[in-house]
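Data block below; observations after.
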Amino acid sequence: MLDILKQGEVNDIDIINGKARVIFPDRDNKISDWLNILVPFSESHSDNYHLKIGQTVIVLSLPDMMEQGYILGCPMRPSEISEGEVKRTFSDGGFYSYKDGVLTLSPVTKVVITADVELKKTLTVDGDTTFKSNTDTKGTAKLGNINLNEHTHSGIQPGNSKTGGPS
């Protein structure tokens, strides 16, 4: 049988170029040349994965050219993922998950969005909300049961009229 799949450990990493060197303990600790790390769909967008020194990886190479080849990935770790779920958990414990039409973002500290956001459905906020800029409401604005679009106070005069202070 051809010896084209090999298991080794990351020995050195070139994050900028997406390459790593792999040591093969079961092959007299031979170290590969710089190997490309394969990622899904890297031609259409940028996927970057930070491997760690000592991390187990699987390498595809020609039988007699162990020092050249491609890092295919690493063995999947046990997780609490459920059937039909796609989930990525990061080293700090934050994660995102997609299942049954629901995308869950669960970072450790916060989500930063640097683009306009358009919501086509209901936004439910279960926590405090801070606005650091103006808000512009195009529909009905309510505060509890009070419709702010129609809410008035007695004793207040419209326009430039002067009104008295609180009584």
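Cation-pi geometry between K87 and Y98 is not met at under 6.0 angstrom from the ring centre and within 45 degrees of the axis.
Note that the CD1 atom of I4 and the OG atom of S61 stand 8.0 Å from one another [nearest 0.5 Å]. Rounding to the nearest 0.5 Å places NZ of K30 at 9.5 Å from NZ of K6. From L38, atom CG reaches atom CG of L60 across 8.0 Å, with rounding to the nearest 0.5 Å. Note that CZ of F24 and CD1 of I31 are 10.0 Å apart. Values are rounded to the nearest 0.5 Å. One distance of note links CD1 of I23 with CG of D12; it measures 11.0 Å at 0.5 Å rounding. With rounding to the nearest 0.5 Å, the separation of CD1 in I81 from CZ in R88 is 11.0 Å.
N17 places no side-chain N or O within donor-acceptor distance of the main-chain N or O of K19, the cut-off being under 3.5 Å. Put simply, the side chain of N11 never gets that close to the backbone of G54: no donor and acceptor are under 3.5 Å apart. Within the 3.5 Å criterion, the main-chain N or O of S32 finds a donor-acceptor partner in the side chain of R21. The backbone N or O of K142 lies less than 3.5 Å from no partner atom in the side chain of N147, so there is not a single donor-acceptor pair.
When hydrophobic clusters are built by joining Ile, Leu, Val, Met, Phe, Trp and Tyr residues whose side-chain heavy atoms come closer than 4.5 Å, directly or via intermediates, V117 is grouped together with V125. F131 and L123 are assigned to two separate hydrophobic clusters, defined by single-linkage of ILVMFWY side chains at heavy-atom distances under 4.5 Å. Connection of L103 to I113 is not established within any shared hydrophobic cluster, with ILVMFWY side chains joined at heavy-atom distances below 4.5 Å, either directly or through further cluster members.
Under a cut-off of 6.0 angstrom, the local environment of CD1 in I16 is sparse, with at most 12 non-hydrogen atoms contributed by other residues, nucleotides or ligands. The local environment of NZ in K52 is sparse, with at most 12 non-hydrogen atoms from other residues, nucleotides or ligands closer than 6.0 Å. When the shell of 6.0 Å around CZ of F90 is examined, it contains more than 12 heavy atoms from other residues, nucleotides or ligands.
Heavy-atom minimum distance, G93 versus T89: O-CG2, 4.3 Å. Closest approach of H151 and I146 over heavy atoms only: ND1-CG2, 3.5 Å.
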Passes side-chain contact (heavy atoms from CB on, under 4.5 Å), L5 versus V59? Steps please.
-> CA-CA 6 Å; L5 288 177; V59 175; over 6 Å; no
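Test I37, L35, L72, V10 against V57 for side chain to side chain contact (heavy atoms under 4.5 Å, CB included) and you get one pass: V10.
When side chains are defined from C-beta on, D14 counts as touching W34, because their heavy atoms get closer than 4.5 Å. Contact annotation: the side chain of K110 approaches that of V112 to within less than 4.5 Å [non-hydrogen atoms, C-beta and beyond].
Side-chain contact of T56 with E9: a donor-acceptor pair under 3.5 Å is absent, judged by distance alone.
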